[in-house]
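Read the structure below first, then the notes.
So that the names make sense, note that chain A is the first sequence line, chain B the second, and so on, each numbered from 1.
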Amino acid sequence: MDANLDAILAGLTEPQRAAVTHIEGPLLVLAGAGSGKTRVITRRVAYLAANGIAPWNILAVTFTNKAAGEMRQRTLDLLRHLPLRMANGVTVSTFHSLCARLLREFAVAAGLSPTFNIADTADQLKMLKQAMEGAGVSVDHFPPARMLEVISSAKNRLQSAEQFAQIGGGFFEKNAAKAYLAYDQLMRTANVVDFDDLLFKTAVLLRDNADVRKELQERFGYILIDEYQDTNHAQFVIAHMLALNHQNICATGDPDQSIYAWRGANLSNILEFEQFFPKAKVVLLEQNYRSTKTILKAASALIANNRRRKAKTLWTDNQTGPGIDLITASDERQEAAEIVRRLKALHESEQIGWDKMAVFYRVNALTRVLEDALMKSAVPYQIIRGTEFYSRKEVKDVLAYLRLIANPEDNVSLERIINVPTRGIGSTSVSRMAAFAAEKKISLLDACRQAANIDGLGKKAEACRSFAVLVDSWRQRFVADVSRKPSAEEPIDDAIEPEIDNGEQEFDAAVLEEEAFTDGLIDTSPQRKKQITVAEIMETVISESGLIGSTKQADEEELQRRANVLELINVAAEFDKQNPGGTLQDYLTQVTLVSDIDQMRDESGAVTLMTLHAAKGLEFPVVAIVGWEEGLLPHQRMMEQGLSDNDMEEERRLAFVGITRAMKHLILSGTIYRMFMGRSEARLASRFLNEMPADCFNLIDLAAQEPAAGSAGFRDGALHYPRRPAAKTAKSDETGATKLGGFRRGSLVRHHTFGLGRITELREIGDSQIAMVEFKSVGFKKLVLKFAKLETVDG
DNA sequence: GCAGCCTTGTTTTTT
DNA sequence: ACAAGGCTGC
């Protein structure tokens, strides 16, 4: 045992060691960027197990499935001395996966049927629209997406539809309450929960059901929660309910890296941890092992501008390293080309592999130009945009079939595919059946089964009935086993297994399987072995439903769709391999809860492109971040409705997270003009650039040769703020001007809807006189003087 | 019931 | 610029 303890504690610094060896009682680890946090967590889990704590009493919650998989693997490596089935007993999971598991296990207590499906964002929107129409809430007057935000934040606060309705409020709130109630009703009848419900219902279950709470408190006697700065209220309640008695909770995180306030994350959870757990030990990890001194200096200077934080001083023993490249490009094409050129140069001169490089951006819309540039230069790349595949029509269709099979109440899935491929059952027939179903309080599938009894269906009744026969025959063949629930003794294990991609890990997996089998952990009874796999189910459904191989001409798009369906089958086969005995339901849960980052491959041999949000927790020797402009980073939305300090600080943290991913080379860039929804717009340098010391940067101005009228964007090499926008034009047929139509550049004006603003640019395009105005309320607007009716304001 | 055209919004970020 | 959803005409 001692030898193992030595190995577990080897190479730890004093504070790291303190965090690892703290066993009983609350612990808060404030871990600066790159301070070895993951290392501390995995060592700590191993240390707990090595000190005689049963692995199945340990729960580690991470932010993504990818992080969970990596942590599980690293923990297994550290626990080699234990029989594998024991080491494997540690529950490592995301909040959402954990909640899905718990809600299935305690479905009855949570007021659910265990076969519930999980709605993704698209399903949510669809159901909400349907609910609003049913409840007489105008979809035009109340944008469903906005309503969804309101409902989501209510669930985060643990407010049920009824409670929300009771609170009352103005016109908007009353309609929101109606929408929430109707939406909730629709979800219940379809036996579907959304992402927020997973947390909401688990939190309420733990809060209100003492038996369940007690059982889970005993099961999870030691809890670790990573990325604690990004937990919302519901997650906070779940953590507290579990830790209430034993207080063995270890929260790790960094307030400076909190970037999810917009989806309900509450920074107070981590800032006030010691108030909730007065006996908490607090460990500060301030030494950075990741970045050069230069990168760290810039990052520290930037984040020092935030007021709402716990003061923390990052330092490093690493080298000073090269300066940060700051590129000013004239437009986004030039920006992308220059980034690619520099990545290529590093690849060639320093032999840095492509997969050691990443490009980050604030919004997904910026990927297209980057893709073009990478393709043109034949640089391999992967884009982390995982849900895109699953949001394709053909993929959603296949999944809708599977979801209906797993949960016959799922009316939304049924509606999606009842006429795909066409069976002559149009919206008229569906609404007839829906009315019938509502009246009899049965599911739509039931209505199909009884189609012969429904008035007005006419000869469509037979089509409906045979659809039900088709679904029932699948259910008969595939679902008998699905209804078999795992026994309570089986440890909960997150659905995603570590990737097997090298010999060593393969060996581990083999041992794991052998151990598991001999111990009866995985049921090897003949019935079980014969169980049909998810991939087989999928193939059967695709062929018997007629989804593929229809009469359609196989044009290029059709071929692509078929390829996507085949890819889906491959993914399912991979699932079957990784999860022996995994059910259809397990599969559906997993694909719904995948995050985009989960599908990132580390050894891809490709440059990785992702959003700043997705970059959290990662590191790369070379990082480029594009779009350092006002309106993009910080994002426009922060400035639109009365600039809130909190919002601005979150944008700054986002920039901080991006910068601190870089180990050695960091490239930042921005443009003077950028195409935005088809229009070329003048840009200003991000204020964040001015918050970092100028001596950290190498300034590269690619737009310098253009005739400048005034200091534009990133111009002057200096990092001044505030700056004037580009007051010159790139195109020869446009003429910039300082005076036009009685207005001057720089003068203060008033607009009847936008209010007060300052003219930043004047020009003539054809017959129109155009002014670019920066408004206090809405930011930059391009206005035609003839129509805008601007008034000059004196002073 | 369906295909094709035209309108509309879309650009935050994600489980 | 581009995609998706709605509407119109078969």
Base, sugar-phosphate, or nothing: which does Phe676(A) touch, judged by heavy atoms less than 4.0 Å apart? base
Could you tell me if the side chain of Ser680(A) sits less than 4.5 Å from the side chain of Asp331(A), heavy atoms only? no
Inspect the contact between Glu105(A) and Arg101(A) and indicate whether a charged nitrogen and a carboxylate oxygen are less than 4.0 angstrom apart. no
Among dT15(B), dG1(B), dT13(B), which nucleotide sits nearest the side chain of Lys460(A)? dG1(B)
When the C1' atoms of dT11(B) and dG6(C) are compared, how many Å lie between them, rounded to an integer? 22 Å
State the CD-CG distance between Glu371(A) and Leu609(A), to the nearest 0.5 angstrom. 7.5 Å
May I have the distance from Ile384(A) (atom CD1) to dT15(B) (atom P), rounded to whole angstrom? 12 Å
Could you state the CD-C1' distance from Glu681(A) to dT10(B), rounded to the nearest angstrom? 14 Å
Closest to the side chain of Arg362(A), out of dT10(B), dT13(B), dC2(B), is dT13(B)
Is Leu199(A) close to Phe95(A) at the side-chain level, that is, under 4.5 Å between some pair of heavy atoms? yes
As a test of reading the structure: which of dT11(B), dT14(B), dT15(B) is closest to the side chain of Asn364(A), going by heavy atoms? dT14(B)
Write out all pairs satisfying ring-ring contact (aromatic ring centres under 6.0 Å, His included) with one or both partners inside residues 141-161 of chain A, taking only residues at least two apart or from two chains. Phe142(A)-Phe171(A), Phe142(A)-Phe172(A)
Whole angstrom is fine here: how far is it from NZ in Lys396(A) over to C1' in dG5(C)? 15 Å
Selection from dT14(B), dT15(B), dT11(B) that lies nearest to any side-chain heavy atom of Ala365(A): dT11(B)
Trp262(A) aromatic ring stacked with six-membered ring of dT13(B), 5.5 Å and 30°: yes
Regarding Asp256(A) and Arg653(A), does a basic nitrogen lie under 4.0 Å from an acidic carboxylate oxygen? no
Output yes when Asp120(A) and Lys396(A) qualify as a salt bridge under the 4.0 Å nitrogen-oxygen rule, no when they do not. yes
For Ser427(A) and for Leu593(A), locate the closest nucleotide of DNA chain B by heavy-atom distance; then report the residue assigned to the nucleotide nearer the 5' terminus. Ser427(A)
Measure the distance from CG on Asp120(A) to C1' on dT15(B) and round it to the nearest whole Å. 11 Å
Reading DNA chain B from 5' onward, which residue's closest nucleotide shows up sooner: Val363(A) or Ala145(A)? Ala145(A)
Taking only side-chain nitrogens and oxygens of Thr121(A), does any of them come within less than 4.0 Å of OP1 or OP2 of dT15(B)? no
Among Ile659(A), Asn305(A), Leu302(A), which residue meets the side chain to side chain contact (heavy atoms under 4.5 Å, CB included) test with Phe688(A)? Leu302(A)
Counting only side-chain N and O atoms of Thr64(A), is one of them less than 4.0 Å from OP1 or OP2 of dT15(B)? no
Considering every strand and a 4.0 Å limit on heavy-atom distances, what is the contact class for Thr592(A): base, sugar-phosphate, or nothing? nothing
Does His635(A) lie flat on the base of dT12(B), that is, centres under 5.5 Å apart and planes under 30° off? yes
Of the candidate nucleotides dG1(B), dT14(B), dC2(B), which contains the atom at the shortest distance from the side chain of Asn419(A)? dC2(B)
Whole-Å distance between dT14(B) C1' and Phe63(A) CZ? 8 Å
Applying the Watson-Crick and G-U criteria (both distances under 3.5 angstrom) with [ ] for crossing and | for other-strand pairs, one obtains for DNA chain B ||||||||||.....
